[in-house]
**Q** 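Can you read through this structure? Questions will come right after.
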Number of protein chains: 2
Amino acid sequence: MATIKDVAKLAGVGISTASRVINKSGYVSESTKIKVQDAINKLGYVPNETARAFVTQDSKIVALFLPSIHHAFFSELAYYIEDALDKNGYKMLLCNSTGNIQKELSYISMLKQNKVSGIIGISYNEIESEIHNSMPIVLVDRHIGTIPYVSSDNYGGGKIAFQVLKDTGCQHLAYIGSYSNSVLTEVEKRQKGFEDAAKEDGMDYIIYTEEDPIKDQTAFLKRFLSQYKNVDGVFAENDLMALELFELAKEQNIKVPEELSIIGYDGIKVYEVLKSKLSSIRQPVEVMGRSLVELLIKRIKGSYVTPVIHPVEFVKGETTR
Amino acid sequence: MATIKDVAKLAGVGISTASRVINKSGYVSESTKIKVQDAINKLGYVPNETARAFVTQDSKIVALFLPSIHHAFFSELAYYIEDALDKNGYKMLLCNSTGNIQKELSYISMLKQNKVSGIIGISYNEIESEIHNSMPIVLVDRHIGTIPYVSSDNYGGGKIAFQVLKDTGCQHLAYIGSYSNSVLTEVEKRQKGFEDAAKEDGMDYIIYTEEDPIKDQTAFLKRFLSQYKNVDGVFAENDLMALELFELAKEQNIKVPEELSIIGYDGIKVYEVLKSKLSSIRQPVEVMGRSLVELLIKRIKGSYVTPVIHPVEFVKGETTR
DNA sequence: GTGAAAGCGCTAACAT
DNA sequence: ATGTTAGCGCTTTCAC
């Protein structure tokens with residue numbers, strides 16, 4: 001493997017001049033620039049990134065920190081984040097924290113040792129204090145202190161869901177989902193938007209929630225169906241929950257959407273093969289991914305950034321009238 | 001940030017002794033070991049991994065190279081791989097190659113510059129020659145030259161699929177999927193197993209394939225349904241294809257499984273919420289992930305390894321009788 | 001504009 | 001069993 005020394009020698013210049021050409025930094029005359037470039041080509045020189053990372057104390061690696069990549073929404077988001085990072089010269093390290101606080105802390109320690117450039121994260125724990133001010137970080141769908149974040153318009157999405165259910169003639173509405181006692185999640189704003197819209201409208205509604213994470217979603221949903229037989233319109237926290245409710249309703253011969261309308265949240269593409277069965281509030285996943293990367297890079301460069309909230313849209317499937 | 005020098009000074013020992021304690025290498029007396037350990041604790045010392053990577057020319061990072069993490073089977077596999085790597089002290093860099101050969105090549109160059117320890121990969125291209133012998137690598141579901149790989153028993157799975165379809169009374173069978181002209185994919189062995197079983201049995205069958213990647217799967221499947229109306233048993237290349245065929249059949253009022261039985265391949269969990277609708281040949285994803293990591297680490301340590309093929313099982317859903 | 005040289009923090013000979 | 005020291009390849013002052 002050729003080193004910068006070899007390049008300098010072959011080009012007949014000093015190491016720092018070679019470095020300047022390689023990094024396009026500082027002043028180099030056109031003629032020496034060409035000499036160095038020639039040497040680089042001849043030797044097939046490529047910089048040793050571990051040496052660079054060591055010297056600059058910056059690995060040009062961004063960590064994506066999430067509970068599990070094995071989740072439709074996250075894996076779609078991860079795809080776009082990786083793509084955007086790559087286009088900006090960063091690599092992506094993937095960390096499945098499994099929501100376990102011990103594992104999250106040990107990951108953070110590892111990330112510091114490896115001098116990652118920054119973190120894009122979703123955490124269910126209050127570990128942010130460990131990182132903030134010591135590393136650039138941008139959160140997804142979490143609003144903690146002054147840490148910048150990117151989310152979809154969860155509140156607005158909740159309002160839209162209410163409106164759609166009402167406009168399509170539902171009389172007895174319910175929100176189903178989970179709540180968190182520790183971290184204030186953006187997800188809960190979906191509920192808030194739904195509730196506020198219902199209150200403004202003066203319509204009654206039911207809130208059926210369990211503490212996050214819900215251990216047995218199937219049991220949770222079955223209980224809901226048997227307990228609230230008169231509900232004819234449901235807004236579920238996310239598509240996975242909505243989809244399972246849809247399946248359970250079919251099993252119990254409840255006609256969807258005639259007797260029960262269902263709206264999910266996410267609009268994840270994995271289920272496109274199902275011919276868009278589910279009505280849902282769709283998050284602009286790709287845009288969010290790019291936006292996360294953009295914000296993080298600004299933070300890395302030291303700029304101050306403000307949260308970004310992306311608009312959502314209702315996508316009609318077959319679970320609403 | 002405390003360095004190893006600080007530790008050595010505080011402990012009153014030489015740098016290399018401190019290094020020995022930190023790395024548990026070489027001989028160190030019990031008493032000095034304790035002194036060093038104390039110093040480490042007092043200073044809150046953690047090794048600078050970029051320096052280590054630089055000196056050893058090994059970043060302890062493994063790259064997971066796949067077409068797209070945004071795919072149910074891959075994201076599940078990635079989850080288990082990351083978990084196993086983490087348990088072995090490795091980090092995981094995620095590279096979405098999008099199957100594009102230019103992007104794959106530029107990733108490989110990047111990985112070399114970053115001194116990754118090894119690669120776990122799925123590639124649709126013949127880039128393996130670029131890596132082989134220059135870096136430890138293990139492939140998923142690809143059999144290229146002498147490169148070690150891990151796969152499920154695709155051939156056996158194909159045989160099982162045939163047997164199930166036949167045993168449940170189907171008369172006119174078909175295999176649907178894709179074929180590749182460049183790389184010999186393990187996936188095609190599913191077809192081979194199916195064909196061989198049919199031939200042994202003496203039963204006629206149809207092979208309906210298109211070159212990979214199939215641009216418009218919906219059109220592809222619709223064409224199949226209209227062209228082969230008498231087929232009553234289908235083995236599809238993967239679950240996504242099987243699932244869409246199922247949906248299209250329903251749309252066209254073809255009764256599944258009465259008039260048409262469908263078996264997929266993968267057994268991915270994302271669709272569990274659908275209440276196991278699809279009959280499928282299930283791959284042991286978790287075991288495969290662990291197995292990939294195990295093989296790669298053996299390769300990194302210089303051992304010779306042989307391919308590992310994991311058994312599959314038929315999981316009955318509602319798309320077979 | 002260009003080159004010499006220091007030094008990033010660590011590992012691994014090598015000497016003792 | 002322990003300490004000294006030479007780099008690893010690069011970036012970055014600092015002189016010229």
Side-chain angles (χ1 to χ4, degrees), chain A residues 1-40 43-61 89 109-117 300, chain B residues 1-40 43-61 89 109-117 300:
Chain A
M1 281 268 93
T3 69
I4 195 170
K5 224 169 158 179
D6 302 323
V7 172
K9 200 187 296 174
L10 182 61
V13 302
I15 292 179
S16 56
T17 302
S19 176
R20 281 184 202 103
V21 174
I22 292 161
N23 297 294
K24 306 183 205 319
S25 67
Y27 298 93
V28 186
S29 76
E30 205 50 45
S31 59
T32 54
K33 203 177 283 181
I34 289 167
K35 280 193 294 182
V36 173
Q37 200 55 59
D38 277 356
I40 289 173
L43 294 166
Y45 167 80
V46 279
N48 180 330
E49 292 296 332
T50 65
R52 275 190 172 162
F54 172 50
V55 171
T56 60
Q57 292 297 301
D58 176 12
S59 62
K60 288 280 180 185
I61 291 178
S109 157
M110 181 276 279
L111 296 177
K112 283 183 182 167
Q113 291 171 56
N114 281 280
K115 313 293 175 194
V116 300
S117 306
I300 290 171
Chain B
M1 280 265 94
T3 71
I4 195 170
K5 225 169 160 178
D6 302 323
V7 172
K9 199 187 295 173
L10 182 61
V13 302
I15 292 179
S16 58
T17 301
S19 176
R20 282 185 201 101
V21 175
I22 292 161
N23 297 294
K24 305 184 205 318
S25 68
Y27 300 93
V28 186
S29 77
E30 206 50 44
S31 58
T32 54
K33 202 177 284 181
I34 290 167
K35 280 192 296 182
V36 174
Q37 200 55 59
D38 277 358
I40 289 173
L43 294 167
Y45 168 80
V46 279
N48 179 330
E49 292 296 332
T50 64
R52 274 190 172 162
F54 172 51
V55 171
T56 62
Q57 292 297 300
D58 176 13
S59 63
K60 289 281 180 183
I61 291 177
S109 158
M110 182 274 281
L111 297 176
K112 284 182 181 168
Q113 292 170 56
N114 282 279
K115 313 294 174 193
V116 300
S117 307
I300 290 172

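FYI, side chains are in, hydrogens and waters are out, and symmetry mates aren't considered; it's all heavy atoms of this structure.
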**Q** Would you please name every residue forming a side-chain contact (heavy atoms from CB on, under 4.5 Å) with Gln37(A), sequence neighbours left out?
**A** Val21(A), Ile40(A), Asn41(A)

**Q** Can you give me the closest heavy-atom contact between Arg52(B) and Asn23(B), atom names plus distance?
**A** NH2-OD1, 3.1 Å

**Q** Anything under 4.0 Å to a heavy atom of chain A counts; send over the first and last such nucleotide of DNA chain C, read 5' to 3'.
**A** dG1(C) to dG9(C)

**Q** Using side-chain contact (heavy atoms from CB on, under 4.5 Å), reason through Lys33(A) and Ser29(A) one step at a time and then give a plain yes or no.
**A** CA-CA 6 Å; Lys33(A) 203 177 283 181; Ser29(A) 76; over 6 Å; no

**Q** Looking at every strand, decide which applies to Thr32(B) at a 4.0 Å heavy-atom threshold: base, sugar-phosphate, or nothing.
**A** sugar-phosphate

**Q** Which pair of non-hydrogen atoms, one from Asp6(B) and one from Met1(B), has the smallest distance, and what is that distance?
**A** OD2-O, 4.2 Å

**Q** Identify the heavy atoms of Ala11(B) and Val36(B) that sit nearest to each other, and give their distance.
**A** CB-CA, 3.9 Å

**Q** Can you name the closest pair of heavy atoms from Thr50(A) and Asn114(B) and give their distance?
**A** CG2-O, 3.6 Å

**Q** Pull out every protein N or O sitting under 3.5 Å from an N or O of nucleotides 5-12 of chain D, one pair per line with the distance.
**A**
residue : atom : partner  : partner atom : Å
dC10(D) : OP1  : Tyr45(A) : OH           : 2.5
dC10(D) : OP1  : Asn48(A) : N            : 3.2
dC10(D) : OP2  : Ile4(A)  : N            : 2.5
dT11(D) : OP1  : Asn23(A) : OD1          : 3.2
dT11(D) : OP1  : Asn23(A) : ND2          : 3.2
dT11(D) : OP1  : Arg52(A) : NE           : 2.8
dT11(D) : OP2  : Ser19(A) : OG           : 3.1
dT11(D) : OP2  : Asn23(A) : ND2          : 3.3

**Q** Would you say Lys112(A) has more than 12 foreign heavy atoms packed within less than 6.0 Å of its NZ?
**A** yes

**Q** What is the minimum heavy-atom distance between Ile61(B) and Ile61(A), and which atoms define it?
**A** CD1-CD1, 3.9 Å

